[in-house]
Protein chains: 2
Amino acid sequence: MLEAVAEFLAVSGIEVVARARDGEEALARIAERQPAVALVDVRMPGIDGLEVARRARRAAPGTSILLYTGYGDRAVLAEAFDAGVGGFVLKEAPLDDLLRAVRTVAAGKTYVDPVLAASAIGPSTAPRLTPRERDVLRLLADGLSNEEIGKELFISAETVRGYIRKAMDKLGADTRTEAVAAALRQNLIA
Amino acid sequence: MLEAVAEFLAVSGIEVVARARDGEEALARIAERQPAVALVDVRMPGIDGLEVARRARRAAPGTSILLYTGYGDRAVLAEAFDAGVGGFVLKEAPLDDLLRAVRTVAAGKTYVDPVLAASAIGPSTAPRLTPRERDVLRLLADGLSNEEIGKELFISAETVRGYIRKAMDKLGADTRTEAVAAALRQNLIA
DNA sequence: GCGAGGATCCCCGTTTCGGGGGAGGGCTGC
DNA sequence: GCAGCCCTCCCCCGAAACGGGGATCCTCGC
């Protein structure tokens, strides 16, 4: 897969300066080569693509991150742009789209997969949760109590309650249970 | 859709004795004509296919119900066979499969869509919830309290608690919230 | 006809939740 | 450098949920 994509880009006139198999390696290569564009998979062992994007902004401010993944929804898209990525392409997209995306972000613009864009511009009813709020909801969905969640996240049970209340507020839920259900239904947590 | 299927069956040598647009009508026709096989959609306005199957067993004991729907999972499959249906076919299946299914159940045997069967014979980890348990979890996911659920279902809040506890038990959940999350994840409720 | 299982209801003491409030520290982007 | 957001923690109150028990009734299948 990695080889195939690199090969395709190379024959299409894009200079491929490096390849990496995981997040650590990707970051190292990005810092080292300072490429114009870094094509990064969201799902990777260790550091995921989003995290790579966040860190790369410091390590290589001139590099545009182009996320390349098999799946995307409103939530990850929003998070991705928060992380400062330059574009987002689905693996199912035709290879020409990938090429266009690379060139677009290389030019400093933003590229979003058209399929994804269609679903993202619709009524983005799904509220934005902070990472902490999501952590808490996830653990809540696994049946942990405030106390247990606190231990898990190294924060106090009171703080946990605070996050839950904020999440309930954002999701328009009357109970913590409804908040978890809403988050699940809207793919805000898994 | 209805017409197309009827047409196909007719030209394939199956005698189509009646058609119906909803559950009520289907039941009436089944009772009236006592067909060997009734091809029924699960999702219908008013009485759904499962309910039609249950009632048809009384109204027409000799009729085999063949459910025909666009979507299916372990849970509905299990419920379907509890309701006494003779077979289950997905709309995505090739038309030949539909034909085979009709002939199979007409012969008094059971037919299950091969795609569905594959997923159903796997580790059926999803527990069985009673209708009442599902009702309660659904309302719980909508943020209602025990009291409110009770009013909604015309039962006491204590009874509601009882169902929730049973559902928690079946789902291996420690909290009502986890029970709802588990039910959502396993498509036991929507 | 008898057992299994579903649906219904109840009690009681303990814990947690829901809903307010406030408050400080830190990073970040403009 | 300052506003804004996130993370963190704390207090109070009344209401609700929890845990674990038991109990009755009815229907359906064998």
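FYI, side chains are in, hydrogens and waters are out, and symmetry mates aren't considered; it's all heavy atoms of this structure. Sequence lines set the chain letters: A, B, ... in the order given, protein chains first and strands last, and positions in each chain run from 1.
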Student: Mind calculating the distance between CZ (A/Arg132) and P (C/dC27) to the nearest angstrom?
Tutor: 15 Å
Student: What integer distance in Å separates B/Asp174:CG from D/dA17:P?
Tutor: 18 Å
Student: Taking A/Ala190's backbone N and O only, do any of them form a donor-acceptor pair with B/Arg185's side chain (distance below 3.5 Å, no angle check)?
Tutor: yes
Student: Among residues 141-152 of chain B, which contact DNA chain D at a heavy-atom distance under 4.0 Å?
Tutor: B/Ser145, B/Asn146
Student: Give a yes/no on whether any side-chain N or O of A/Thr130 is located under 4.0 angstrom from OP1 or OP2 of D/dC7.
Tutor: yes
Student: Figure out the CE/P separation between A/Met168 and D/dA16, and round it to whole Å.
Tutor: 14 Å
Student: Rounding to an integer number of Å, can you tell me how far A/Leu153 CG sits from D/dC6 P?
Tutor: 17 Å
Student: Indicate the atoms forming the closest heavy-atom contact of A/Val105 with A/Ser64, along with that distance.
Tutor: O-OG, 3.3 Å
Student: Is there a side-chain contact between B/Tyr163 and B/Asp135, using heavy atoms and a 4.5 Å cut-off?
Tutor: no
Student: Whole Å only: how far is the CG atom of B/Leu140 from the P atom of D/dA16?
Tutor: 15 Å
Student: Please report, rounded to the nearest Å, how far the C1' atom of D/dC18 is from the CD atom of B/Glu178.
Tutor: 15 Å
Student: Do B/Glu3 and B/Glu7 have side-chain heavy atoms sitting under 4.5 Å apart?
Tutor: no
Student: Would you mind reading off the bend of the helix from C/dG1-D/dC30 to C/dC30-D/dG1 from its two end axes, five pairs each, to 10 degrees?
Tutor: 70°
Student: I want to check something: taking the side chain as every heavy atom from C-beta on, are A/Asp96 and A/Arg100 in contact at a cut-off of under 4.5 Å?
Tutor: no
Student: Between the side chain of A/Arg29 and the main-chain N/O of A/Ala20, is any donor-acceptor distance below 3.5 Å?
Tutor: no
Student: Where do B/Leu137 and B/Leu171 come nearest, in terms of heavy atoms and distance?
Tutor: CD1-CD1, 4.0 Å
Student: Of the candidate nucleotides D/dT8, D/dC6, C/dA7, which contains the atom at the shortest distance from the side chain of A/Lys166?
Tutor: D/dT8
Student: Could you tell me whether the side chain of A/Arg134 and the main chain of A/Leu129 form a donor-acceptor pair under 3.5 Å?
Tutor: yes
Student: How would you label the contact of B/Asp135 with the nucleic acid (heavy atoms, under 4.0 Å): base, sugar-phosphate, or nothing?
Tutor: nothing
Student: Apply the side-chain contact (heavy atoms from CB on, under 4.5 Å) test between A/Val160 and each candidate in A/Leu144, A/Ile149, A/Leu139, A/Leu140; give the one that qualifies.
Tutor: A/Ile149
Student: Verify the neighbour count for atom CD of B/Glu147: are there more than 12 heavy atoms of other residues, nucleotides or ligands below 6.0 Å?
Tutor: no
Student: Using a 4.0 Å cut-off on heavy atoms, which residues in residues 154-165 of chain B reach DNA chain D? List them by number, or say none.
Tutor: B/Arg161, B/Arg165
Student: Please check if the side chain of A/Glu25 supplies one atom and the backbone of A/Arg21 the other of a donor-acceptor pair under 3.5 Å.
Tutor: yes
